[in-house]
**Q** 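Quick one: the structure is below, questions incoming.
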Amino acid sequence: MATVEATPGTDIRVITEPEIYLLGRQTVEAAELDRFLADHGVSWESDSEIAAEVLSETAGRVCYMSFAKPRPGGNSAYLHHIKEVGHGSVLEHAVWNFLFTGVSRSLTHELVRHRSGFGYSQLSQRYVDESVAEYVEPAVIAADPDLHALWLEAVRHAHDSYVRLADRLNAKLAGAMAGADRTSRRKAARQAARSVLPNATETKIFVTANARALRHFLESRGAAGAEPEIRVLAGKLLDVLVKESPSLFSDYVRVPLPDGTFELTTPFRKV
Ligand SMILES: Cc1cc2nc3c(=O)[nH]c(=O)nc-3n(C[C@H](O)[C@H](O)[C@H](O)COP(=O)(O)OP(=O)(O)OC[C@H]3O[C@@H](n4cnc5c(N)ncnc54)[C@H](O)[C@@H]3O)c2cc1C
């Protein structure tokens with residue numbers, strides 16, 4: 001669970017850690033795979049029981065119809081070789097669905113820059129009332145009581161301004177948009193009021209991505225130069241992905257950084 005602490009005296013909640021929910025993974029239609037193999041006079045079975053790995057291996061083997069006499073080492077060796085030679089398109093066939101929560105709008109602004117192989121659905125600040133919003137505090141600020149107090153004051157001020165603006169806009173638009181339905185009026189009020197919300201505002205984003213795109217994300221956002229919040233997310237995502245598919249993701253190593261955090265590196269960059 002993400003760390004969430006209530007702030008005494010206000011309804012502002014402060015979040016210091018992202019949460020990842022793995023909502024979907026692939027399955028293999030074994031009968032259809034067998035039918036394809038039989039139609040082509042071969043029999044083959046991957047030694048992996050993980051659908052993402054079986055599907056990636058199958059995709060790679062289709063390229064050369066190399067089902068009949070596979071090299072030793074099984075799925076792990078096969079996908080290792082794919083990464084080694086940079087046959088990255090094969091990894092696009094492994095796909096997962098995630099929900100990220102407890103992340104800031106600044107994080108998701110960086111996340112959605114990853115276009116290729118990613119799909120997104122993000123919480124709408126136009127439709128959803130942010131008067132119960134939570135805020136993500138950067139670790140470097142949370143660790144210092146003076147900076148924390150300054151940050152909280154700024155967030156509280158922005159939050160209060162949002163609530164007051166939304167209320168007054170609602171009242172004003174009740175006249176100006178008298179013919180419109182309640183949802184449209186609220187949307188019009190919230191979309192204007194949200195302009196004062198900070199980058200720290202918590203958001204939720206549903207993310208679908210393939211293994212090749214995820215690897216590029218892990219490399220660029222797990223690197224020492226990446227912004228710390230997204231680097232933490234990359235580290236947590238790697239933990240999930242290594243469990244999901246050791247063959248596709250266990251080549252990453254965590255290298256300690258002077259500030260006590262770590263960066264992610266791999267010998268197989270940008271496959
Ligand atoms: C440490 C760090 C600092 C950053 N700072 C800034 C910044 O100051 N300002 C800023 O605007 N962005 C910044 N970025 C974002 C960065 O420029 C990329 O937009 C982001 O990392 C996504 O990478 P990408 O475009 O490779 O990913 P994707 O869009 O997922 O693309 C993946 C790969 O597909 C290929 N590709 C995708 N689209 C095209 C295309 N149209 N034409 C040709 N090839 C394509 C490329 O090989 C690309 O690397 C930063 C990123 C990092 C990691």
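One-based numbering, in listed order, for ligands and for the atoms of each.
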**Q** Judged on heavy-atom distance to atom 51 (C) of ligand 1, which of E227, R221, R113 sits nearest?
**A** R221

**Q** Any idea which protein heavy atom is nearest atom 1 (C) of ligand 1, and the distance to it?
**A** G225 O, 3.6 Å

**Q** Show your working on side-chain contact (heavy atoms from CB on, under 4.5 Å) between H216 and H114 and close with a plain yes or no.
**A** CA-CA 9 Å; H216 182 48; H114 292 263; 4.2 Å; yes

**Q** Taking atom 53 (C) of ligand 1 as the point of reference, which of S220, G117, A234 owns the nearest heavy atom?
**A** S220

**Q** Could you check whether atom 10 (C) of ligand 1 has a protein contact, counting only heavy atoms that fall below 4.0 angstrom?
**A** yes

**Q** Could you verify whether a donor N or O on one side chain and an acceptor N or O on the other, from Q122 and T108, lie under 3.5 Å apart?
**A** yes

**Q** Quick one: do R35 and E32 make a salt bridge, cutoff under 4.0 Å?
**A** yes

**Q** Is there at least one protein heavy-atom neighbour under 4.0 Å from atom 6 (C) of ligand 1?
**A** no

**Q** Is there a protein heavy atom at a distance of less than 4.0 Å from atom 44 (N) of ligand 1?
**A** no

**Q** Between H216 and ligand 1, does any nitrogen or oxygen pair lie at a separation below 3.5 Å?
**A** yes

**Q** Determine whether any heavy atom of K270 lies closer than 4.0 Å to an atom of ligand 1.
**A** yes

**Q** Flag atom 3 (C) of ligand 1 as yes if some protein heavy-atom distance to it falls below 4.0 Å, otherwise no.
**A** no

**Q** When the aromatic ring centroids of F67 and H40 are compared, is their separation below 6.0 Å?
**A** no

**Q** Is atom 22 (C) of ligand 1 less than 4.0 angstrom from at least one protein heavy atom?
**A** yes

**Q** What do you reckon, does A213 put a non-hydrogen atom under 4.0 Å from ligand 1?
**A** no

**Q** Is the shortest side-chain N to carboxylate O distance from K236 to E17 below 4.0 Å?
**A** yes

**Q** Any idea which atoms of ligand 1 are less than 4.0 Å away from a heavy-atom of S116?
**A** 28 (P), 29 (O), 30 (O), 31 (O), 32 (C)

**Q** State, without any angle test, whether W151 and E137 hold a side-chain donor-acceptor pair at a distance under 3.5 Å.
**A** no

**Q** Return the closest protein heavy atom for atom 29 (O) of ligand 1 as residue, atom name and distance.
**A** R115 NE, 2.7 Å

**Q** Pick from E134, R105, H109: which one makes a side chain to side chain contact (heavy atoms under 4.5 Å, CB included) with T203?
**A** R105

**Q** Does a side chain donor of either S106 or S104 reach within less than 3.5 Å of an acceptor in the other side chain?
**A** yes

**Q** In this structure, which one of L111, N97, L214, L99 forms a side chain to side chain contact (heavy atoms under 4.5 Å, CB included) with V207?
**A** L111

**Q** Would a 4.0 Å cut-off, counted as strictly less than, catch a protein heavy atom around atom 37 (C) of ligand 1?
**A** yes

